Amino acid sequence: MSSPSTAPAAIGHYVNGKTVPGTGRSQDVFNPATGAVSGKVALASASDVDAAVAAAQAAFPAWSDIPSIRRARVMFKFLELLNLHKDKLAHMITAEHGKVFTDAQGEVSRGIDIVEFACGIPQLLKGDFTDQVSTGIDNWTLRQPLGVVAGITPFNFPVMVPMWMFPVAIAAGNTFVLKPSPIDPSASLFMAELLKQAGLPDGVFNVVQGDKEAVDALLVHPDVKAISFVGSTPIANYIYETGAHHGKRVQALGGAKNHMVVMPDADIDQVVDALIGAGYGSAGERCMAISVAVLVGDAADKVIPKLLERTKALKVLNGENLEAEMGPIVTKAAHERITGYIAQGEKEGAKLLVDGREFKGARAGAGCDNGFWMGGTLFDHVTPEMRIYKEEIFGPVLSCVRVGDLKEAVDLINAHEFGNGVSCFTRDGNVAREFGRRIQVGMVGINVPIPVPMAWHGFGGWKKSLFGDMHAYGEEGVRFYTKQKSIMQRWPESIAKGAEFVMPTAK
């Protein structure tokens, strides 16, 4: 937090191995716990993006030609540095995003998982070989990097989501331009510094801070071969359509409305723990948050009373307080949007059991009076035609929907336009099996409320939660950042005399 006599810290770009100050537009960076301006981040122009892409393009030939084992060694060193400085990264997240420190630590740890996966790139890039596909001819495949690739990442995970992208892309031999959210930009520059300390050559990793102007410049730039994006569905659709129109490979992860089905046989205490953590953790500002509890049969009568008391008892505190369970909302604008959804839910007839609008910042700790604070909100008797059910709120608002049986629950979820994550709590193995097979959602948890896949499995939803054919990280991430080449080879001694006018055949 800046004092009145201290100018906010200037947060610039990172191009060709060095920090570059902004020269044009900028915007304030806030500490959401206090509402104070903590920095001023540069907003890149098209020329700033051109400079970053040019640096990446210049670095690509040499970097892509380095043996994959040597690229992996840079990733191993980066991994070591991340583990040394992970708490510093977590504090940066808390200071600019507001999520509680322990949650920020978890974010960094999940990002580190992807770096560990990327360290195995020599194995991941192995191709296939067939001896003697035809007389005297061998055939093999290999995977080669695309060139300059870019990542456009959201405010809610300023460390983890970029690390879904750049470790795999760089290890595979690409060079990278990251465009992080201007809401919490500092972590991107610190990661760039750690990569340089790890021995990454200048130009391989670059950061351009900015907004739509920077995004559009990346989408149309002829030297950018692929775009990875995480954010809202309307923007994901725009990124996908615009990038594909300009000949780029695009992976655009969009919004969500994640349901948790509670069967009557579920352990109710475990259910309530899961709903509190998955619904209100990170103030609901994550694409895998549970925002709808689907209560089957008499489960509602068991769950609602306990959920009501736990929601009221949430420890909403400054994220630096280690007892905090939930921190502030990320921006004033986001706070106003969420407040509007709560009012809309009331207007549409949902039963408001706990109203998070009543929470006052002074309760969160010293200096928090002017922060962007809100408590957990709980609705019951929500129905599918309500906006609070249909739309992604991206805040600490949990809606309870009551249904009669499992089929009704599955039909309800399958009818939703989003298909990111879903969970089912039950003791019945057959229910779990049928649910997992029949639900039209990309990531499924059985008694797991937030089923984010581990680093080697890959992340991605279905329907309007993913635009593109490949999920993030894991083996699909390696395929996204590489292209397959098939090579057929024979030698002069095995070539018969005479011209061949037919398609080569096995003979």
Side-chain angles (χ1 to χ4, degrees), residues 32-33 98-100 103 257-262 266 268-286 289-295 298-319 321 323-330 334-365 368-369 371-384 386-403 423 425 449-450:
K99 69 175 64 175
V100 302
D103 189 22
K257 196 71 179 178
N258 305 314
H259 301 68
M260 192 172 102
V261 174
V262 180
I268 299 304
D269 289 333
Q270 290 179 357
V271 164
V272 174
D273 283 343
L275 285 171
I276 288 291
Y280 301 124
S282 198
E285 294 172 330
R286 51 190 178 196
I290 294 294
S291 54
V292 181
V294 183
L295 307 175
D298 65 358
D301 297 330
K302 305 173 189 175
V303 170
I304 293 293
K306 292 188 175 186
L307 191 57
L308 172 63
E309 293 307 312
R310 289 287 298 278
T311 302
K312 287 180 177 178
L314 265 177
K315 295 178 182 177
V316 183
L317 300 166
N318 188 321
N321 187 329
E323 293 187 2
E325 295 174 332
M326 191 176 103
I329 305 303
V330 67
H335 189 282
E336 292 171 351
R337 187 195 72 246
I338 298 164
T339 297
Y341 271 109
I342 297 170
Q344 182 70 23
E346 278 190 295
K347 181 180 177 181
E348 290 180 326
K351 186 175 181 181
L352 183 58
L353 301 180
V354 184
D355 189 348
R357 296 172 296 183
E358 297 173 353
F359 185 88
K360 303 301 179 186
R363 293 167 53 190
C368 292
D369 305 62
F372 314 132
W373 292 96
M374 177 180 291
T377 292
L378 180 64
F379 280 105
D380 192 10
H381 297 287
V382 175
T383 54
M386 295 179 182
R387 282 185 60 197
I388 59 169
Y389 174 78
K390 293 189 293 186
E391 299 178 14
E392 183 177 38
I393 298 173
F394 222 65
V397 180
L398 180 59
S399 297
C400 296
V401 178
R402 300 174 181 234
V403 298
S423 178
F425 271 62
I450 302 181

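All of these numbers come straight from a predicted model, not from anything done at the bench. Values below: all heavy atoms of this structure, side chains included; hydrogens, waters and symmetry mates excluded.
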Participant: Determine whether Met374 and Val316 make a side-chain contact, defined as any pair of heavy atoms from C-beta on separated by less than 4.5 Å.
Facilitator: no
Participant: Where do Pro32 and Pro328 come nearest, in terms of heavy atoms and distance?
Facilitator: O-CB, 3.6 Å
Participant: Val397 versus Tyr341: any side-chain heavy-atom pair under 4.5 Å?
Facilitator: no
Participant: Could you measure the distance from the NZ atom of Lys257 to the CD1 atom of Ile388? Nearest 0.5 Å is fine.
Facilitator: 7.5 Å
Participant: So, for Gly277 and Arg286, which heavy atoms are closest and what is the spacing to 0.1 Å?
Facilitator: O-NH2, 3.1 Å
Participant: Which residues pass the salt bridge (Lys or Arg N to Asp or Glu O under 4.0 Å) test with Lys315, sequence neighbours left out?
Facilitator: none
Participant: How close do Gly284 and Ala289 get, counting heavy atoms only, and between which atoms?
Facilitator: O-CB, 3.9 Å
Participant: Hey, does the side chain of Lys312 reach the backbone of Gly376 with a donor-acceptor pair shorter than 3.5 angstrom?
Facilitator: no
Participant: Can you confirm whether Thr311 sits close enough to Leu398 that some side-chain heavy atom of one is under 4.5 Å from a side-chain heavy atom of the other?
Facilitator: no
Participant: State, to 0.1 Å, how close Ile393 and Arg337 come at their nearest heavy-atom pair, and which atoms those are.
Facilitator: O-NH2, 2.7 Å
Participant: Can a donor-acceptor pair be found, under 3.5 Å and without considering hydrogens, that links the side chain of Tyr280 to the backbone of Leu275?
Facilitator: no
Participant: How long is the gap from SG on Cys368 to CG on Asn318, to the nearest 0.5 Å?
Facilitator: 4.5 Å
Participant: Would you indicate whether the side-chain heavy atoms of Leu353 and Ile304 approach each other to under 4.5 Å?
Facilitator: yes
Participant: When rounded to the nearest 0.5 angstrom, what distance separates SG in Cys400 from CG in Leu378?
Facilitator: 5.0 Å
Participant: Which residue pairs pass the salt bridge (Lys or Arg N to Asp or Glu O under 4.0 Å) test with at least one member in residues 276-285, sequence neighbours excluded?
Facilitator: none
Participant: Taking only residues two or more places apart in sequence, or in another chain, which ones meet Arg402 in a salt bridge (Lys or Arg N to Asp or Glu O under 4.0 Å)?
Facilitator: Asp301, Asp380
Participant: I'd like to know if the side chain of Trp373 and the backbone of Ala364 have a donor-acceptor N/O pair within less than 3.5 Å.
Facilitator: no
Participant: Indicate yes or no: at least one non-hydrogen side-chain atom of Val292 is less than 4.5 angstrom from one of Val382.
Facilitator: no
Participant: Contact between Asp269 and Lys306 at the side-chain level, heavy atoms closer than 4.5 Å - yes or no?
Facilitator: yes
Participant: Nearest 0.5 Å please: distance from the CG atom of Leu307 over to the CG atom of Asp273.
Facilitator: 10.5 Å
Participant: Any idea which heavy atoms bring Pro396 and Ile329 closest together, and the distance?
Facilitator: CD-CD1, 3.6 Å
Participant: Is the closest side-chain heavy-atom distance between Ser291 and Phe394 below 4.5 Å?
Facilitator: no
Participant: Between Arg387 and Glu348 (side chain of the first, backbone of the second, donor and acceptor by atom type, cut-off under 3.5 Å), is there such a pair?
Facilitator: no
Participant: Applying side chain to side chain contact (heavy atoms under 4.5 Å, CB included), name anything that partners Glu336, two or more places apart in sequence or on another chain.
Facilitator: Lys332
Participant: If we ignore hydrogens and angles and just use 3.5 Å, is the side chain of Ser399 paired with the main-chain N or O of Phe379 as donor and acceptor?
Facilitator: no
Participant: List the atom of Gly375, the atom of Phe359, and the distance in Å for their closest heavy-atom pair.
Facilitator: N-CB, 3.3 Å
Participant: According to salt bridge (Lys or Arg N to Asp or Glu O under 4.0 Å), who are the partners of Glu346, at least two apart in sequence or on a separate chain?
Facilitator: Arg357
Participant: Please tell me if the side chains of Val272 and Glu309 come closer than 4.5 Å, counting only heavy atoms from C-beta onward.
Facilitator: no
Participant: Looking at residues at least two apart in the chain, or sitting in another chain, which of them share a salt bridge (Lys or Arg N to Asp or Glu O under 4.0 Å) with Asp369?
Facilitator: none
